[in-house]
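These notes concern the structure reproduced below.
Letters go in sequence order (proteins before strands), and every chain restarts at 1.
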Protein chains: 2
Amino acid sequence: MGFVPSAQRLPLDEVLVGDCVAAMNALPASSVDCVFADPPYNLQLGTAGLLRPDQSRVDAVDDDWDKFASLEAYDTFTREWLSACRRVMKPNATLWVIGSYHNIFRVGSALQDLGFWILNDIVWRKANPMPNFRGKRFTNAHETLIWASRSAESKGYTFHYEALKGGNEDLQMRSDWFIPLCTGEERLKDAEGAKLHPTQKPEALLARTLLSATNPGDVVLDPFFGTGTTGAVAKRLGRRFIGIEREETYANAARARIAAVTQLSQAALMLAPAKRAEPRVPFLSVIEAGHIRPGEVLTDERRRFKATVRPDGQLGVGPVCGSIHKIGALVQGLPACNGWTFWHAERNGRPLVIDSFRETMRGAMASAG
Amino acid sequence: MGFVPSAQRLPLDEVLVGDCVAAMNALPASSVDCVFADPPYNLQLGTAGLLRPDQSRVDAVDDDWDKFASLEAYDTFTREWLSACRRVMKPNATLWVIGSYHNIFRVGSALQDLGFWILNDIVWRKANPMPNFRGKRFTNAHETLIWASRSAESKGYTFHYEALKGGNEDLQMRSDWFIPLCTGEERLKDAEGAKLHPTQKPEALLARTLLSATNPGDVVLDPFFGTGTTGAVAKRLGRRFIGIEREETYANAARARIAAVTQLSQAALMLAPAKRAEPRVPFLSVIEAGHIRPGEVLTDERRRFKATVRPDGQLGVGPVCGSIHKIGALVQGLPACNGWTFWHAERNGRPLVIDSFRETMRGAMASAG
DNA sequence: GAAGTCGGTGAATCAGCAC
DNA sequence: TGTGCTGATTCACCGACTT
């Protein structure tokens with residue numbers, strides 16, 4: 001432990017190096033307004049390593065800090081750091097934790113057991129997730145954040161409802177957020193150009209949490225500071241931070257990163273989220289929404305070709321089945337085909353292009369991002 | 001308990017009325033292929049009731065079945081029904097559970113503790129969620145499903161990867177699903193026109209889970225059957241079901257609802273054959289069929305590497321010979337290689353991937369029965 | 001300079017069968 | 001049950017490079 005902060009004074013806008021539980025226990029009680037925590041996920045990967053289809057190796061998280069002997073050991077660790085957080089939180093402070101299905105159920109249960117009161121679970125929908133290379137599961141395309149107040153009695157927590165609504169085209173901000181991964185310029189690299197930290201979070205994610213649940217000048221504590229995304233965003237948004245990080249290398253990188261950040265003007269602090277490209281609509285969703293029935297026969301505009309709609313969102317022609325695009329190409333003998341503009345369903349005695357159903361769906365999805 | 005099923009016979013396509021743990025314990029072990037469970041959420045609402053902005057009262061879930069004395073009582077209940085499910089699941093069966101932040105962390109922790117192996121967490125993004133009337137939180141716009149196999153060793157579970165991909169415009173199905181709430185015609189009403197069940201799930205949600213993770217003819221168990229959405233969808237998709245429901249009123253509504261459902265045609269049900277189920281074609285057969293000549297030189301697509309086809313179906317590079325896969329890995333210096341997609345033969349002056357010969361062979365094999 | 005191509009990569013609990 | 005062989009498998013984005 002390289003620091004001994006006074007029990008009276010908060011080490012503001014500093015990165016403390018050491019074990020987070022010990023460091024938090026050295027801070028005064030009831031002293032921070034918000035906690036953001038990105039704890040180890042306890043991934044338990046296989047020993048063989050995962051290969052991509054091109055035989056390159058996936059650079060997975062295999063760091064020592066993510067290794068726990070058992071679920072019980074992980075639970076003990078979780079209760080300890082959550083308890084330490086709770087002690088330093090002001091009565092109306094709130095806590096954010098991010099995790100995946102590997103750990104988030106353990107974390108959620110533990111914080112309920114400790115008396116935290118869950119306000120929302122938030123889904124970070126990744127714009128560009130890693131695919132599932134083996135084709136054995138659904139693409140793991142999201143992570144979960146839990147937002148909780150210190151207790152059920154903490155009614156006075158900060159939540160900028162109106163600002164969030166204004167930044168969301170006057171619709172309430174939902175619990176599912178669509179945000180890209182941290183890549184490109186934003187991703188910190190080491191001298192060799194490799195990623196400096198395996199799990200650096202996007203600043204956009206932190207920005208939305210801090211804008212939602214803190215005021216300018218509030219103190220934000222991050223017990224798993226890593227390369228300091230929380231600190232960088234806090235400084236830019238005019239919040240104070242306390243970072244705790246076990247690895248000196250990460251702490252140093254975080255200090256340099258934060259030093260380069262400048263605070264936004266007060267006026268610029270509440271930006272509207274950028275508009276995303278039009279949402280992609282799976283053909284299966286069009287069936288699920290009831291626009292097209294399973295078993296219905298689709299044709300081209302001039303009714304020369306026919307195909308049957310399957311309940312899984314594929315089209316069938318005789319024994320062959322595939323996506324709307326693939327089957328469209330097949331029946332025409334072409335290398336490719338846009339199924340949305342090729343296939344039609346009979347409505348009011350006339351062929352209606354299925355792309356019109358997609359347009360309808362997009363209208364419904366617009367409010368949901 | 002109004003039923004005593006034989007330990008030998010499965011009560012298929014029936015609704016059993018009674019406590020789900022007792023009912024499951026009366027079923028034979030290792031007998032069902034899939035479980036879908038929508039347990040009580042333990043909502044812990046305040047006693048005052050929630051008012052909309054126009055002062056009308058929100059018709060919230062306040063039924064007795066959703067009341068538990070404490071988190072511990074809810075955990076005990078959860079472990080009991082999950083254990084009973086696990087006993088009746090076949091070794092490669094999978095379990096789906098749906099919940100919200102009130103209960104899903106308890107459920108997820110409990111099933112991990114019991115030895116289930118989480119395959120994915122799935123986010124059901126609601127197209128039309130109820131707004132947050134007080135403006136104190138984010139709109140609760142999603143629920144979470146956990147998909148788990150019976151144990152980490154259950155590698156042979158059903159997952160229709162190719163069919164899902166085909167229904168999603170040839171992209172892997174992600175873990176976030178956008179599906180509307182159950183409303184309108186689909187929502188069951190009582191004699192007064194009020195909703196019959198407070199938490200009826202949309203059939204589209206069940207359809208996607210059953211299409212993903214079961215085969216036609218599979219047995220799907222639902223221990224919290226309610227008004228029988230699982231049974232209705234299972235019947236329509238050609239699956240068998242076992243429903244267990246405590247309330248006679250709901251069970252009767254479910255029976256009537258399911259009786260009115262007709263199964264989709266066999267043609268509409270047929271799933272795309274999984275790629276791995278396609279017949280294996282030895283490389284030697286491709287030579288024997290005359291698609292490739294012994295002595296012919298194969299190359300990679302860009303003609304950087306060369307190998308000679310031997311009459312026994314191996315490839316030779318200088319003094320070394322081996323399978324198309326082994327030699328492909330060798331020349332590239334990789335640990336492994338799919339020779340079918342790596343090697344090309346010159347046809348019409350251009351490299352043609354040898355996998356296309358395999359496709360041709362498969363077509364011939366299929367038509368030959 | 002613009003447009004297109006190519007390679008790299010992201011918190012991953014990611015095989016099945018014969019012997 | 002363990003070992004070893006065969007073989008099935010990826011999407012969105014970014015940056016560097018080529019045309």
Side-chain angles (χ1 to χ4, degrees), chain A residues 38-63 65-68 71 74 98-105 124 126-144 178 180-187 189 193-195 197-202 224 226 276-277 280, chain B residues 92 112 116-121 148-149 151-157 159 161-162 165 168-175 274-278 280-283 302 322-326 328-329 335-342 355 358:
Chain A
D38 183 8
Y41 285 11
N42 190 25
L43 287 187
Q44 306 172 60
L45 303 177
T47 49
L50 179 63
L51 296 180
R52 300 169 193 271
D54 66 1
Q55 304 302 327
S56 66
R57 190 167 294 279
V58 173
D59 183 16
V61 174
D62 59 353
D63 304 70
W65 51 253
D66 198 43
K67 296 207 189 316
F68 294 85
L71 282 178
Y74 187 79
I98 183 166
S100 67
Y101 66 84
H102 312 84
N103 72 321
I104 199 66
F105 305 116
W124 168 29
K126 300 180 185 182
N128 43 346
M130 178 147 50
N132 183 290
F133 295 118
R134 288 297 176 94
K136 302 295 290 181
R137 305 182 180 193
F138 299 93
T139 303
N140 202 357
H142 74 275
E143 294 188 22
T144 301
F178 186 76
L181 294 175
C182 178
T183 58
E185 281 292 296
E186 190 185 318
R187 189 83 195 227
K189 306 288 193 334
K195 59 187 176 193
H197 192 283
T199 71
Q200 187 181 338
K201 295 293 177 290
F224 305 98
R276 302 288 314 172
R280 209 181 54 79
Chain B
N92 280 320
Q112 286 181 310
F116 286 95
W117 194 245
I118 299 179
L119 298 169
N120 280 112
D121 58 335
S149 62
S151 82
E153 287 71 44
S154 311
K155 300 287 191 184
Y157 59 85
F159 180 56
Y161 174 77
E162 293 290 344
K165 191 175 172 182
N168 193 35
E169 298 181 71
D170 289 326
L171 295 174
Q172 289 189 342
M173 184 66 78
R174 294 169 46 118
S175 56
K275 272 255 174 69
R276 70 177 57 74
E278 288 188 299
R280 210 180 67 82
V281 178
F283 184 58
R302 294 205 268 161
S323 72
I324 53 173
H325 311 295
K326 208 165 249 172
C337 164
N338 182 345
W340 289 109
T341 55
F342 177 72
D355 203 30
R358 184 167 68 158

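Phosphate proximity of D:dT6 to B:His325: absent, as no side-chain N or O sits under 4.0 Å from OP1 or OP2. The phosphate of D:dT9 (OP1 or OP2) has no side-chain N or O of A:Arg134 nearer than 4.0 angstrom. Contact check, A:Lys136 against C:dG16: a side-chain N or O comes under 4.0 Å of OP1 or OP2. Contact annotation: B:Arg358 side-chain N/O to D:dA8 OP1/OP2 distance is under 4.0 Å. Contact annotation: B:Lys326 reaches the phosphate of D:dT6 (side-chain N/O to OP1 or OP2, under 4.0 Å).
Using a 4.0 Å heavy-atom distance criterion, A:Asp59 is classed as a sugar-phosphate-only contact. Residue contacts for B:Lys165: at a heavy-atom cut-off of 4.0 Å it reaches the sugar-phosphate backbone alone, with no base atom in range. Nucleic acid contact for A:Asn132: base, since at least one base atom lies under 4.0 Å from a heavy atom of the residue. Using a 4.0 Å heavy-atom distance criterion, B:Glu153 is classed as making no nucleic acid contact. Here A:Pro202 lies out of heavy-atom contact (under 4.0 Å) with every strand. Using a 4.0 Å heavy-atom distance criterion, A:His102 is classed as a base contact. If you check every strand for non-hydrogen atoms under 4.0 Å, B:Asp121 touches nothing. Using a 4.0 Å heavy-atom criterion, one finds that B:Leu171 contacts the sugar-phosphate atoms exclusively. Counting non-hydrogen atoms under 4.0 angstrom, B:Leu119 reaches nothing in the nucleic acid. A:Gly49 comes within contact range of at least one nucleobase, with a heavy-atom separation under 4.0 Å. A:Thr183 comes within 4.0 angstrom of sugar-phosphate atoms only, judged by non-hydrogen atoms across all strands, and of no base. No engagement by A:Trp124 is indicated, since no non-hydrogen atom pair under 4.0 Å with the nucleic acid exists.
A:Arg57 has its side chain within reach of A:Leu51: a pair of non-hydrogen atoms, C-beta onward, lies under 4.5 Å apart. Two residues are said to be in side-chain contact when any heavy atoms from C-beta on lie closer than 4.5 Å; A:Arg187 and A:Leu181 fail this criterion. You'll find the side chain of B:Ser149 stays beyond 4.5 Å of the side chain of B:Phe159, heavy atoms only. Using a 4.5 Å heavy-atom threshold, the side chains of B:Ile324 and B:Trp340 count as touching.
Whole-Å rounding puts the A:Asp63 CG to C:dA12 C1' distance at 14 Å. Atom OH in B:Tyr157 sits about 8 Å away from atom P in C:dA15, given to the nearest Å. Atom CG of A:Leu50 and atom P of C:dA15 are 7 Å apart (whole Å). Here C:dG16 presents its P atom at 13 Å from CZ of B:Phe159, a figure rounded to the nearest Å. Straight-line distance from the CG atom of B:Asn92 to the C1' atom of C:dG16: 12 Å, rounded to whole Å. Put simply, NZ on A:Lys201 is 6 Å from C1' on C:dA11, counting in whole angstrom units. A:Arg57 places its CZ atom 14 Å from the P atom of C:dC14, with the value rounded to the nearest Å. In this structure, CZ of A:Phe138 is placed 15 Å from P of D:dC11, rounded to the nearest angstrom.
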- Given the rule that a pair is Watson-Crick or G-U wobble with both distances under 3.5 Å, how would you write DNA chain C in dot-bracket, using | for pairs to a different strand? .|||||||||....|||||

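Side chain to side chain, B:His325 and B:Ser323 fail the donor-acceptor criterion of an N or O pair below 3.5 Å.
Judged by distance alone, with hydrogens and angles left aside, A:Arg52 brings a side-chain donor or acceptor within reach of the base of C:dG10, the pair sitting under 3.5 Å. No hydrogens or angles were tested; on distance alone, a donor-acceptor pair under 3.5 Å links the side chain of A:Gln55 to the base of D:dT9.
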- Query: Given the rule in the side-chain contact (heavy atoms from CB on, under 4.5 Å) test, do A:Asp62 and A:Leu43 qualify, once you have shown the distances and angles that lead to the verdict?
  - Reply: CA-CA 8 Å; A:Asp62 59 353; A:Leu43 287 187; over 6 Å; no

- Check against side-chain contact (heavy atoms from CB on, under 4.5 Å), A:Tyr41 and A:Thr199: CA-CA 10 Å; A:Tyr41 285 11; A:Thr199 71; over 6 Å; no

- Task: Could you go through the side-chain contact (heavy atoms from CB on, under 4.5 Å) check for B:Lys155 and B:Trp117 one step at a time?
- Result: CA-CA 10 Å; B:Lys155 300 287 191 184; B:Trp117 194 245; 5.9 Å; no

- Task: Decide yes or no on side-chain contact (heavy atoms from CB on, under 4.5 Å) for B:Met173 and B:Tyr161, but give the supporting numbers first.
- Result: CA-CA 8 Å; B:Met173 184 66 78; B:Tyr161 174 77; over 6 Å; no

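Under a 3.5 Å cut-off, the side chain of A:Asp63 and the backbone N or O of A:Asp66 do not form any donor-acceptor pair. In this structure, B:Ser175 contributes its side chain and A:Thr139 its backbone to a donor-acceptor pair below 3.5 Å.
Comparing the P positions of D:dT9 and C:dT9 gives an interatomic distance of 24 Å, to the nearest angstrom. For D:dG7 and C:dG10, the C1' atoms lie 25 Å apart once the distance is rounded to whole Å.
Nearer the 5' end of DNA chain D, as judged by each residue's closest nucleotide, is the contact made by A:Pro53, out of A:Asn128 and A:Pro53. Nearest-nucleotide positions on DNA chain C place A:Asp54 closer to the 5' end than the other of A:Phe133 and A:Asp54.
When each of D:dT10, C:dG16, C:dA11 is scored by its nearest atom to the side-chain atoms of A:Thr199, the top-ranked nucleotide is C:dA11. Among the nucleotides D:dT9, D:dT6, C:dA11, the one closest to any side-chain atom of A:Leu181 is C:dA11. Of the candidate nucleotides D:dT6, C:dG10, D:dG15, D:dG15 has the atom nearest to the side chain of A:Glu185. When distances run from any side-chain atom of B:Tyr161 to the nucleotides D:dA8, D:dT9, C:dC14, the shortest one goes to D:dT9. Closest contact between the side chain of B:Trp340 and the listed nucleotides C:dG10, C:dA12, D:dA8 involves D:dA8. Residue A:Lys126 has its side chain nearest to C:dA11 when only C:dA11, C:dA12, D:dT10 are considered.
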Restricting both atoms to N or O, compile the protein contacts to nucleotides 17-19 of chain C shorter than 3.5 Å, with distance only.
none

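Between B:Ile118 atom CD1 and B:Gln112 atom CD the span is 4.0 Å, to the nearest 0.5 Å.
Looking at A:His102, A:His142, A:Glu143 one by one, the single match for side-chain contact (heavy atoms from CB on, under 4.5 Å) with B:Asp121 turns out to be A:His142.
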